[in-house]
Amino acid sequence: MTKSTTPVTESLKEYARGITGGLLFSLPMLYTMELWWAGFIASPLRLLLYFLVGIMLLLAYNHYVGIRNSHTLLEGITETVEEMGMGLLLTAVVLWLSGRITTTMSFSEISGKIMVEAVTVAIGISVGKTQLGSSGDEDQDEEAEKREPHLQRELGIALCGSILIASNVAPTEEIEVIALEVSNLKLLLIALISIILGGIILYYSNFKGSKQWVRKPETRSDVIAGTVVMYTIALVSSAFMLWFFSRFNGLAIHGILAESIVLGFPAALGASAGRLLIQS
């Protein structure tokens, strides 16, 4: 039973790291108005050429650097198709959550916006699966288990990671546009996804640095507490950056909270994945 489930578990961890990489490397683009418009105005031929270039780049990366040490050409193609499919799906979800694609839009507008963004997202997914996993060195893992993380230090590093990642989009108008246009239900979904993804990065995905820098949870309550602290840091840093860049001027409490939640998405990635990367 264990042998049959292990490959599935490892694949799920790879997918989690891939999604994290896709978002880390492309979220500023997903939050960029110029790229929303590029997908809308680009001709079908230009979009197709851009998409094909993205596939060729993925094929090259998977062949020379990819997660499999040895693979056939067919396996490399399969990996590329899988990552591009994940990129398209992840892009569609983020654009839907942010209100950039809706059911009232034409198929050409929806597909154009998704294709423009998905190429970068797919490359990020491939890099995430390959580069963001923990080392398999057993001596390093044993040493990591003996090291006791320092709480104040980790809180400070999480705050640094949160600001580092979220500051790319904090000063932009897109945060305010998204926050004021999306429904309360989508705001709730953005918050839940931020919390769940951050928890997965810290405690499940075997993310690079997690064994060394995250306190090993003894109970489920420890996981919940650590995840809540991570998201609280993300919201506090988001609110601070938005206040600093005068994005709260003239807004009611709902608008302030909405903007903080929208920026809290990349901030949560920074407080979890960014925090681990800048220490590793």
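Numbers here are sequence positions counted from 1.
Expressed to the nearest 0.5 Å, how far CE of Met241 lies from CG of Leu263 amounts to 5.0 Å. With rounding to the nearest 0.5 Å, the separation of OG1 in Thr20 from CD1 in Ile200 is 8.0 Å. Note that CG of Leu90 is 6.0 Å distant from CD1 of Ile19, once rounded to the nearest 0.5 Å. Atom OG1 of residue Thr172 and atom OH of residue Tyr31 lie 9.5 Å apart, to the nearest 0.5 angstrom. Put simply, CZ on Phe51 and CG on Leu47 are 10.5 Å apart, with the number rounded to the nearest 0.5 Å. Rounded to the nearest 0.5 angstrom, Met29 CE and Thr91 OG1 are separated by 9.5 Å.
Counting only heavy atoms from C-beta outward, the side chains of Tyr61 and Glu79 never approach each other to under 4.5 Å. Looking only at side-chain heavy atoms (C-beta outward), Ile201 and Ser210 stay at 4.5 Å or farther from each other. Using a 4.5 Å heavy-atom cutoff, the side chains of Phe265 and Leu27 are in contact. Annotation: side chain of Leu276 is in contact with side chain of Leu202 (closest heavy-atom distance under 4.5 Å). Side-chain contact between Arg100 and Leu30: absent, with no pair of heavy atoms (C-beta onward) separated by less than 4.5 Å. In this structure, the side chains of Val229 and Leu155 come closer than 4.5 Å at one or more pairs of heavy atoms. Between Leu242 and Ser260, the closest side-chain pair of non-hydrogen atoms falls below 4.5 Å. Two residues are said to be in side-chain contact when any heavy atoms from C-beta on lie closer than 4.5 Å; Ile224 and Val228 meet this criterion.
With sequence neighbours left out, the side-chain hydrogen bond (donor to acceptor under 3.5 Å, both in side chains) criterion links Ser106 to Ser108. Remark: Phe40 pairs with Trp37 by the ring pair (Phe, Tyr, Trp, His ring centres under 6.0 Å) rule, at least two apart or across chains. Residues passing the side-chain hydrogen bond (donor to acceptor under 3.5 Å, both in side chains) test with Thr80, sequence neighbours excluded: Asn62. Contacts of Glu82 classified as salt bridge (charged side-chain N to carboxylate O under 4.0 Å, His left out), with partners at least two apart in sequence or in another chain: Lys129.
Counting non-hydrogen atoms of other residues, nucleotides and ligands closer than 6.0 Å to CE of Met56 gives a total of 12 or fewer. Counting heavy-atom neighbours within 6.0 Å of Phe244 CZ, excluding the residue itself, gives a total of 12 or less.
Residues Leu59 and Leu74 do not share a hydrophobic cluster, defined by chaining ILVMFWY side chains whose heavy atoms lie under 4.5 Å apart. Linking Ile, Leu, Val, Met, Phe, Trp and Tyr whenever their side-chain heavy atoms come within less than 4.5 Å puts Val127 and Val81 in one cluster. A continuous path of ILVMFWY side-chain contacts below 4.5 Å connects Phe245 to Ile261, so both sit in one hydrophobic cluster. Using a 4.5 Å cut-off between side-chain heavy atoms of Ile, Leu, Val, Met, Phe, Trp and Tyr, with links allowed through other members, Ile195 and Leu188 fall into different hydrophobic clusters. Taken together through direct or relayed side-chain contacts under 4.5 Å among Ile, Leu, Val, Met, Phe, Trp and Tyr, Met115 and Leu49 form parts of separate hydrophobic clusters.
Nearest approach of Tyr50 to Val116, heavy atoms of both residues: CE2-O, 3.4 Å. Between Val169 and Pro266 the shortest heavy-atom distance is CG2-CG, 4.1 Å. Heavy atoms only, all atoms of each residue included: Ser26 and Thr120 are closest at CB-CG2, 3.9 Å. In terms of heavy atoms, Gly87 sits closest to Ile125 at N-CD1, 3.6 Å. Residue Ile278 comes nearest to Gly161 through the heavy atom pair CD1-N, 4.0 Å, listed as atom of the first residue, atom of the second, then distance. Of all the heavy atoms in Leu164 and Asn168, the pair that sits closest is O-ND2, 3.5 Å.
In this structure, the side chain of Arg275 does not engage the main chain of Ala273 through any donor-acceptor pair within 3.5 Å. Side chain of Glu174 to main chain of Met33: a donor-acceptor pair is present (N/O by atom type, distance under 3.5 Å, no hydrogens or angles). Checked by atom type and distance alone, the side chain of Tyr15 never pairs as donor or acceptor with a backbone atom of Glu10 at under 3.5 Å. Formation of a donor-acceptor pair under 3.5 Å by the Thr32 side chain with backbone atoms of Pro28 is found in this model.
A side-chain contact (heavy atoms from CB on, under 4.5 Å) with Trp96 holds for exactly one of Val182, Leu189, Ile114; it is Leu189.
The stretch residues 235-247 participates, sequence neighbours left out, in these side-chain hydrogen bond (donor to acceptor under 3.5 Å, both in side chains) pairs: Ser162-Ser237. Within the structure, side-chain hydrogen bond (donor to acceptor under 3.5 Å, both in side chains) pairs that include any residue of residues 182-205 comprise Asn184-His254 (at least two apart or interchain).
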Side chain to side chain contact (heavy atoms under 4.5 Å, CB included), that's the test. Do Ile110 and Leu95 meet it? Break it down for me. CA-CA 9 Å; Ile110 293 174; Leu95 291 179; over 6 Å; no
Let me see the working for Ile193 and Leu97 under side chain to side chain contact (heavy atoms under 4.5 Å, CB included), right down to the final yes or no. CA-CA 10 Å; Ile193 291 172; Leu97 282 172; 3.4 Å; yes
Check against side chain to side chain contact (heavy atoms under 4.5 Å, CB included), Lys211 and Asn206: CA-CA 7 Å; Lys211 291 184 178 180; Asn206 200 26; 3.3 Å; yes
Evaluate the criterion side chain to side chain contact (heavy atoms under 4.5 Å, CB included) for residue pair Leu23 and Val121; output intermediate values, then yes/no. CA-CA 7 Å; Leu23 291 172; Val121 175; over 6 Å; no
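Side-chain contact check for Glu154 and Gln279: at least one donor-acceptor pair (N or O, by modelled atom type) lies under 3.5 Å.
Salt bridge annotation for Glu117-Lys113: absent, with no cationic side-chain nitrogen under 4.0 angstrom from a carboxylate oxygen.
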